[in-house]
Structures are given as C-alpha cells and as structure tokens.
Novice: 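Quick one: the structure is below, and I'll ask about it shortly.
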Amino acid sequence: MTSSLTPTDQAAVTQPARHPSAWSQFAKHLSLLAMGAGLALGGHYLYNNIHSRGVSQGTSTATLNPIAPPEDPKNFVAAVVQRTGDAVVRIDATRTVQTQVPPQFNNPFFRQFVPELPNEQVQQGSGSGFITTTDGTILTNAHVIEGADQVQVTLKDGRTFTGEVVGTDPVTDVAVVKIEATDLPTVAFGDSERLQSGEWAIAIGNPLGLDNTVTTGIISGTGRSSSQVGVPDKRVNFIQTDAAINPGNSGGPLLNSEGEVIGINTAIIRNAQGLGFAIPINQAKQIADQLIATGRADHAFLGIQMAPLTPELRELARTQGGLEIATETGVIILRVIPNSPAQQAGLQEGDVITQIAGEPVSDPTKVQDRIAERAVGDRLSLQIERNGELRDLNVTIGRLNP
C-alpha cells in the first residue's frame with residue numbers, strides 16, 4: 001500500500017526508529033563508494049589521476065553505411081578556420097588577491113631576515129572566447145574570468161577592447177563578456193543534441209600563449225557526466241574529444257566539419273592524452289540567455305547526495321545501517337542537506353528513490369537530469385522505498401546557490 005507524504009503533513013507520520021550510530025557507520029562505508037558514482041554537492045576541479053570509465057552509447061548489429069569524408073579532405077579544416085577563426089578571441093584577465101604570508105613569518109625573529117611582503121598580488125590569466133553577435137557579445141568559461149578586476153579582449157586582427165562581464169555561472173562554467181564594437185565577425189551555432197561519436201571536431205583557441213592555434217580530432221564520446229570527468233560540482237553532460245586542448249584553450253569553440261560551434265572547450269585531465277571536454281553548445285546558449293537577461297542563471301536544487309543501488313549496497317545497508325531494502329533497483333540517498341527542499345519534503349538518508357515523475361530510475365544522473373528540467377518552485381513527485389514500504393512524496397524544487 002502506498003501512503004502520501006507532503007511537506008504539510010510529514011510531522012503526522014511516525015517514522016521507525018533508526019540507530020544513529022548504525023547509520024553513521026553505514027554512511028562511513030558508503031562514502032568511498034559514493035565518490036564518482038553519486039552527484040556530489042560541492043567541490044573543485046579535479047583533473048588529476050581520474051580513472052577513465054566507458055559509457056555505453058548503444059550499438060547496433062545492423063550493417064553501418066560508411067560515412068563519406070568531406071569533398072576536399074585536404075582543405076575542409078582550412079575552410080572552417082577561414083569561416084570561423086576571425087570570431088575567436090583571446091581573453092586576458094587580471095585579478096588582485098591578498099598575499100598569504102606563512103604564519104611563521106609573523107615571528108619577529110624571522111621577520112628581520114625576510115623582506116617586507118606586499119599585502120596584495122596581481123595575477124594574470126589567459127583564455128579564449130568567441131563572438132556571438134556583431135555588437136560584441138562573447139561566450140567563454142566562467143573560470144577564465146573568475147574574480148577578474150580587468151578583462152581585455154584581443155581580436156584576431158590585433159584590435160583590443162575592454163571587456164565587461166555580463167554574468168558568470170560557476171555551476172556550468174559558462175560566462176558572457178561584452179565589448180563595445182560593431183560589425184564584428186560571428187560564429188554559427190550547431191546542434192549539440194545531434195552529435196555522434198566519430199564526427200569531426202576542430203578546436204580553435206590560444207593555448208599556452210600561442211594565439212589562433214587550430215587542432216583537430218573527432219568526437220570521442222557524448223554525455224560524459226560531471227562525476228566521470230572529475231568535476232562533480234558542475235551540472236554538465238560533457239562532449240569528449242581527442243582534439244588537443246591545452247591551458248589557454250578554455251572558453252574557445254569546438255567546431256564541427258561545417259564550422260558550426262558545437263561546444264565550449266573547458267576541461268582536460270592532467271597526465272592523460274587524447275582526453276578533452278567541452279560544454280554542449282545547446283546548454284551553453286540556454287545559460288548565456290539567462291545571464292544576458294538577468295545576470296545570473298537559476299538551477300533547480302533538491303539537496304541530496306546519492307548513488308545507484310547495487311546488491312553490495314543493499315547488503316551493506318542491512319548489515320551496517322540496519323535497513324531492509326526490498327527493491328533491487330533505484331537510487332539510494334546517502335545524505336540530505338539540512339534545510340534543503342529534500343529535508344523539508346521528508347526525505348531521509350537511506351531512502352531509495354524508485355521513481356521520479358512516474359518514471360523508474362536507477363541512475364543518479366537521470367535523477368539529476370529530471371530535476372534540472374524543472375523550474376525553481378515547481379512540484380516534483382517522487383516514489384521512495386523506506387524500510388520495505390513504498391511512499392509517494394511531493395518536493396518543491398529550490399534554487400541552487402553555488
């Protein structure tokens with residue numbers, strides 16, 4: 001039998017007692033399993049020593065027709081560069097940071113041997129971007145201009161402009177910069193939803209201070225989750241490419257064989273070869289439109305950390321957490337953020353999400369995608385299993401504050 005639980009009546013439902021120490025011990029065991037498998041709630045870019053995992057793209061046993069190469073394979077890349085290269089820019093960002101003095105240097109004895117250190121330090125960074133409107137709207141990565149006091153934009157023809165930051169979204173790493181100019185060259189947009197592995201990929205940017213560098217490769221994967229790439233605090237299903245992407249390429253365009261932008265180059269995995277990642281342009285455009293309209297992007301927020309339910313987790317939940325889980329598939333909740341929409345709706349650690357909006361789920365990424373499709377304030381129906389009993393809950397979607 002299914003019972004209904006809403007934010008207004010949850011206090012009337014008697015919950016079975018759960019031994020705090022047992023769940024703490026269970027969650028402690030789960031913490032290692034959850035890393036990379038669930039959707040983390042915070043963190044930083046983690047590009048070191050990522051263990052690569054394959055993602056099933058779905059294959060067919062039918063005979064595949066060979067894909068015809070471009071009509072002139074010697075010159076199609078050059079044609080793309082000629083068509084789009086003028087719209088790719090270099091972005092130089094300058095930021096002032098407080099100097100961090102080691103605590104031991106505050107000792108008067110050591111201070112007499114150390115020259116006076118400045119209180120502030122100026123840092124400079126460089127990245128790429130591309131022009132989307134003739135009057136100077138530019139897309140780039142948020143991390144390229146993060147904390148910048150000054151932004152300078154240099155066009156391929158050598159002209160330089162002072163850039164104004166319209167808005168940044170650290171959750172997707174998308175930013176919009178505006179320069180005052182007219183009749184500028186612009187890019188054309190492709191459709192990142194239609195990408196297939198094996199298609200041509202061309203990256204243009206300014207890596208390592210080498211302006212207008214072009215690299216080529218293929219789309220080597222699509223739909224790479226943030227946890228797979230090693231940036232679990234982002235909400236992006238990345239495009240993977242083997243076109244060379246290096247520091248300074250960030251914010252530049254990833255192009256198809258027609259010269260259309262299909263992604264924003266953003267990430268590399270250190271010490272790996274042939275692994276670069278880009279933000280799909282369809283998602284980047286949606287975020288950019290919000291930034292231009294309001295200066296910020298809103299992201300739906302539930303407030304849980306989760307992992308796919310496996311036989312090993314079911315057994316661990318029973319032996320370490322004292323939880324009897326009857327269902328064999330679903331997404332187990334490892335943590336509920338205090339004062340989050342999830343807590344207000346009555347979700348608890350150890351609950352297993354079996355359906356979301358009436359659709360069965362077994363992958364945390366799918367849960368996150370369904371949440372991301374909703375607007376802040378929307379109501380979302382969940383079916384959960386708690387101690388062998390199915391329950392229906394309605395959650396009011398909140399706003400993520402990065």
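Counting begins at 1 with the first residue of the sequence.
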Novice: Within the 3.5 Å criterion, strictly below it, is a donor on Arg235 or Thr172 matched to an acceptor on the partner's side chain?
Specialist: no
Novice: Heavy atoms, side chains only, cut-off 4.5 Å: are Arg296 and Gln290 in contact?
Specialist: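 Heavy-atom side-chain distance check fails, nothing below 4.5 Å.
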Novice: Looking at every non-hydrogen atom in both residues, tell me the closest pair between Gly330 and Val352 and how far apart they are.
Specialist: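 That would be CA-CG1, 4.0 Å.
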Novice: Would you name the heavy atoms of Leu275 and Gln240 that are closest together and state the gap between them?
Specialist: CD2-NE2, 3.2 Å
Novice: Can a donor-acceptor pair be found, under 3.5 Å and without considering hydrogens, that links the side chain of Thr132 to the backbone of Thr137?
Specialist: yes
Novice: Keeping Thr213 on the side-chain end and Leu210 on the backbone end, is there a donor-acceptor pair under 3.5 Å?
Specialist: yes
Novice: Taking all non-hydrogen atoms of both residues, which atom of Ile356 and which atom of Arg370 are closest, and how far apart?
Specialist: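 For Ile356 versus Arg370, the nearest heavy atoms are CD1-CB, 3.8 Å.
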Novice: When you measure from the side chain of Thr154 to the backbone N and O of Gly158, does any donor-acceptor pair fall under 3.5 Å?
Specialist: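 It does not hold such a pair.
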Novice: Can you establish whether the number of heavy atoms outside Glu373 located under 6.0 Å from its atom CD is more than 12?
Specialist: yes
Novice: Where is the tightest heavy-atom contact between Pro253 and Asn265, given as atom of each residue plus distance?
Specialist: O-ND2, 3.1 Å
Novice: Just by modelled atom types, is the Gln196 backbone N or O under 3.5 Å from a matching donor or acceptor in the Glu199 side chain?
Specialist: yes
Novice: Closest approach of Thr354 and Thr329, non-hydrogen atoms and distance?
Specialist: CG2-O, 4.2 Å
Novice: Under 6.0 Å from the CD atom of Gln150, do we count more than 12 heavy atoms belonging to anything else shown?
Specialist: no
Novice: Establish, from distance only, whether the side-chain atoms of Ser192 and Asn282 form a donor-acceptor pair under 3.5 Å.
Specialist: yes
Novice: Is there a donor-acceptor pair closer than 3.5 Å between any side-chain N or O of Lys178 and the backbone N or O of Ile292?
Specialist: no
Novice: Got a donor-acceptor contact below 3.5 angstrom from the Asn141 side chain to the Val144 backbone?
Specialist: no
Novice: Do Asp173 and Thr266 have side-chain atoms, one donor and one acceptor, less than 3.5 Å apart?
Specialist: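 Result is yes, a qualifying pair exists.
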Novice: Determine yes or no for a side-chain-to-main-chain donor-acceptor pair under 3.5 angstrom, with Gln355 supplying the side chain and Val361 the backbone.
Specialist: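 Not at all, since once roles are kept as given, no pair shorter than 3.5 Å links the two residues.
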Novice: Within the distance-only criterion (no hydrogens, no angle test), does the side chain of Ser128 pair as donor or acceptor with the backbone N or O of Gly252 below 3.5 angstrom?
Specialist: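 Here the side-chain-to-backbone pair does not exist.
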Novice: Can a donor-acceptor pair be found, under 3.5 Å and without considering hydrogens, that links the side chain of Gln343 to the backbone of Asn339?
Specialist: yes
Novice: So, for Ile145 and Arg95, which heavy atoms are closest and what is the spacing to 0.1 Å?
Specialist: C-NH2, 3.9 Å
Novice: So for atom CD, which belongs to Glu180, do other residues, nucleotides or ligands contribute more than 12 heavy atoms lying within a distance under 6.0 Å?
Specialist: no
Novice: Determine whether a donor-acceptor pair (N or O, by modelled atom type, separation under 3.5 Å) exists between the side chain of Arg314 and the backbone of Thr327.
Specialist: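 The answer is yes, because a donor-acceptor pair under 3.5 Å joins these two groups.
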Novice: Going from CD1 on Ile218 to OG on Ser257, what distance comes out if it is rounded to the nearest 0.5 angstrom?
Specialist: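 That separation rounds to 13.0 Å.
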Novice: Are Glu359 and Lys366 close enough for a salt bridge, meaning some N to O gap below 4.0 Å?
Specialist: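 Yes, this pair counts.
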Novice: With a 4.5 Å heavy-atom cut-off, do Thr134 and Asp183 have their side chains touching?
Specialist: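 The answer is no; the side chains never approach within 4.5 Å.
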Novice: Evaluate the criterion salt bridge (Lys or Arg N to Asp or Glu O under 4.0 Å) for residue pair Glu389 and Arg391; output intermediate values, then yes/no.
Specialist: CA-CA 7 Å; Glu389 179 185 358; Arg391 299 170 181 265; 3.5 Å; yes
